Trainee: 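Dumping the structure here so I can ask a few things about it.
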Protein chains: 2
Amino acid sequence: MICTMSAGRAPERSTRDRLLDAFEGLLVSGGSRAATLDAVAAAAEVSKGGLLYHFHSKDELVEGMLTRLQEQGDADVEKMRSAPQGPVDFYLETSVDSGSDFDRALIAAARVAQENDPRGSAALAALRDAWFGVLSEHVGDEALARTIQLIGDGLYFDDTTGLADPNALSHVRDVLRRLGAL
Amino acid sequence: MICTMSAGRAPERSTRDRLLDAFEGLLVSGGSRAATLDAVAAAAEVSKGGLLYHFHSKDELVEGMLTRLQEQGDADVEKMRSAPQGPVDFYLETSVDSGSDFDRALIAAARVAQENDPRGSAALAALRDAWFGVLSEHVGDEALARTIQLIGDGLYFDDTTGLADPNALSHVRDVLRRLGAL
DNA sequence: GCTACTGTACCGGCTGGACGGTACAGTAGC
DNA sequence: GCTACTGTACCGTCCAGCCGGTACAGTAGC
């Protein structure tokens, strides 16, 4: 009745998903100020009325984005756990892989969290806990796991503020090899 | 709540500085959306007319904030260079010292940079380069210096998204001791 | 096979309020 | 009389949310 497309993943991107994509993209590239309803609708090539048909308020748009993030996050944790190069390298690699859908969703959530929205912080905290669990379990050292996580956060931060250093990842790999974490 | 008044500061803070403090405080705690001219004036206990007497536009407010940041940054780099505990520990310590004026100014600049303002990115990039210079010079290892910087960025990121872990700093110290960087 | 109706998806104009900025008259203290 | 404000009134723009309307697919009744 209300939810018509939650069961199967259709290959064609639904309007709803396109709207969430557009919302995330605008949040990432221009901050929350740029992510107006008009801008989101235009970016998704939908009218404003069409947007508000799917999401009755901006708040619902945030809610929808965060829910989708959680789903993507669960999948990511699974991939991390079973990554052939090991969880640590997988984690670091995906921390600078700013092109992926998941990464964009993460940065968008960080923007929302910065606006004092507790839902954004909660969603990020849940993900961090899950990552830390895998990291900690794999390296068997809480201090090292937390440090690796901080490095990942630093890679994010640089990316989101336009300060990214292309050599950063190889430097980090070098240092982590010395610590026996890679 | 946010601590706007800290003991030990001179009681004679100029209206101009109070306005910049308020602007930074609002940017940090609520993002750029919360930092409206009305809100800044109210937080500084100045009328809107009074605000616009000092800063003729919001743009000038940003400019003033970034200029003050650069001054604070120059002083910080000096302090870092001559810190008794060494530049690395000083850098990490100040990365989590979210109560300081300088830290608030930094986070505020990051917010501005995220809104696609090149002046914000430039100010942060200049500071990062200065820090990296001191770090790199001290540890004599580019990869390690960059990694330490990323850890510092990670500590910031966590702080700004409300994900701060109180044990993070001691964990990092532990790991850096293993690397001979502390 | 036609009518009447329902639900889904979407369009685009509109409004009220917030926000950036202007203008200016007044005033307290040096 | 100058600096450093206060307070009020106002303007244009932007934005969230609302609403009336369109198109169309399905379907129930006759």
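Because the structure is a prediction, the values reported are computed rather than measured. Below, chain A is the first sequence line, B the second, and so on; all start at residue 1.
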Trainee: In Watson-Crick or G-U wobble terms, both distances under 3.5 Å, what is the partner of C:dG13?
Mentor: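 D:dC18 is the nucleotide pairing with C:dG13.
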
Trainee: I need the CD-C1' distance between B:E45 and D:dC5, as an integer number of Å.
Mentor: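 Answer to the nearest Å: 14 Å.
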
Trainee: Any luck finding a side-chain donor-acceptor pair between A:R111 and A:Q114 under 3.5 Å?
Mentor: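 The criterion, which ignores hydrogens and geometry beyond distance, is not satisfied for A:Q114 and A:R111.
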
Trainee: Kindly say whether, by distance alone, the side chain of B:K58 makes a donor-acceptor pair under 3.5 Å with the base of C:dG21?
Mentor: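 Looking at the base of C:dG21, it does not pair with any donor or acceptor on the side chain of B:K58 (distance under 3.5 Å).
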
Trainee: Let me know the distance between CG of B:D38 and P of D:dT8, rounded to the nearest Å.
Mentor: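 It works out to 13 Å between those atoms.
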
Trainee: If I compare all heavy atoms of A:G73 with all of A:L127, which pair ends up nearest, and what's the gap?
Mentor: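 The answer is CA-CD2, 3.6 Å.
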
Trainee: Thinking salt bridges, do A:E45 and A:R18 make one under a 4.0 Å N-O criterion?
Mentor: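 Answer for the salt bridge query: no.
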
Trainee: So, is B:S57 close to the C:dG20 phosphate, meaning a side-chain N or O under 4.0 Å from OP1 or OP2?
Mentor: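 No, because none of the side-chain N or O atoms of B:S57 sits under 4.0 Å from OP1 or OP2 of C:dG20.
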
Trainee: Could you walk me through whether A:K79 and A:T94 pass side chain to side chain contact (heavy atoms under 4.5 Å, CB included), step by step?
Mentor: CA-CA 11 Å; A:K79 274 207 287 188; A:T94 52; over 6 Å; no

Trainee: For B:G49 and B:R33, take the nucleotide of DNA chain D holding the closest heavy atom to each; which residue's nucleotide lies nearer the 5' end?
Mentor: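 Looking at DNA chain D, the more 5' nearest nucleotide goes with B:G49.
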
Trainee: Measure from CG on A:L61 to C1' on D:dC15 and round the result to the nearest Å.
Mentor: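 After rounding, the reported distance stands at 14 Å.
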
Trainee: How do A:G50 and A:Y53 order along DNA chain C: which one's closest nucleotide is nearer the 5' end?
Mentor: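 In this pair, the answer is A:Y53.
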
Trainee: Both distances under 3.5 Å, Watson-Crick or G-U wobble: report the partner of C:dT8, or none.
Mentor: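 D:dA23 is the nucleotide pairing with C:dT8.
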
Trainee: What is the base-pairing partner of D:dG29, counting Watson-Crick and G-U wobble geometry with both distances under 3.5 Å?
Mentor: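 Because both required distances fall under 3.5 Å, D:dG29 counts as paired with C:dC2.
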
Trainee: Test for a donor-acceptor pair under 3.5 Å between the base of C:dG20 and the side chain of B:K48, counting only N and O atoms.
Mentor: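 Between C:dG20 and B:K48, which were checked side chain against base, a qualifying N/O pair under 3.5 Å is present.
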
Trainee: For the residue pair A:F157 and B:Y156, categorise the inter-ring angle as parallel (less than 30°), tilted (30 to 60°) or perpendicular (more than 60°).
Mentor: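 If you compare the ring of A:F157 with that of B:Y156, the planes turn out parallel.
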
Trainee: So which nucleotide does C:dC19 pair with, by the Watson-Crick or G-U wobble rule with both distances under 3.5 Å?
Mentor: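 Base partner found: D:dG12.
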
Trainee: Would you mind telling me which residue lines up with the more 5' stretch of DNA chain D, A:L37 or B:L51, judged by nearest nucleotide?
Mentor: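 Closest to the 5' end, via its nearest nucleotide, is B:L51.
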
Trainee: Which whole-number value in Å describes the distance from A:F55 CZ to D:dC18 C1'?
Mentor: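 In whole Å, D:dC18 C1' and A:F55 CZ are 18 Å from each other.
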
Trainee: So, does B:H54 get its side chain near the phosphate of D:dC5, meaning an N or O under 4.0 Å from OP1 or OP2?
Mentor: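 For B:H54, the contact criterion (side-chain N or O under 4.0 Å from OP1 or OP2 of D:dC5) is met.
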
Trainee: Which whole-number value in Å describes the distance from A:L52 CG to C:dG13 C1'?
Mentor: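 In whole Å, C:dG13 C1' and A:L52 CG are 13 Å from each other.
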
Trainee: Atom CZ of A:R16 to atom P of C:dT8: distance rounded to whole Å?
Mentor: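 It is 15 Å, rounded to the nearest whole Å.
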
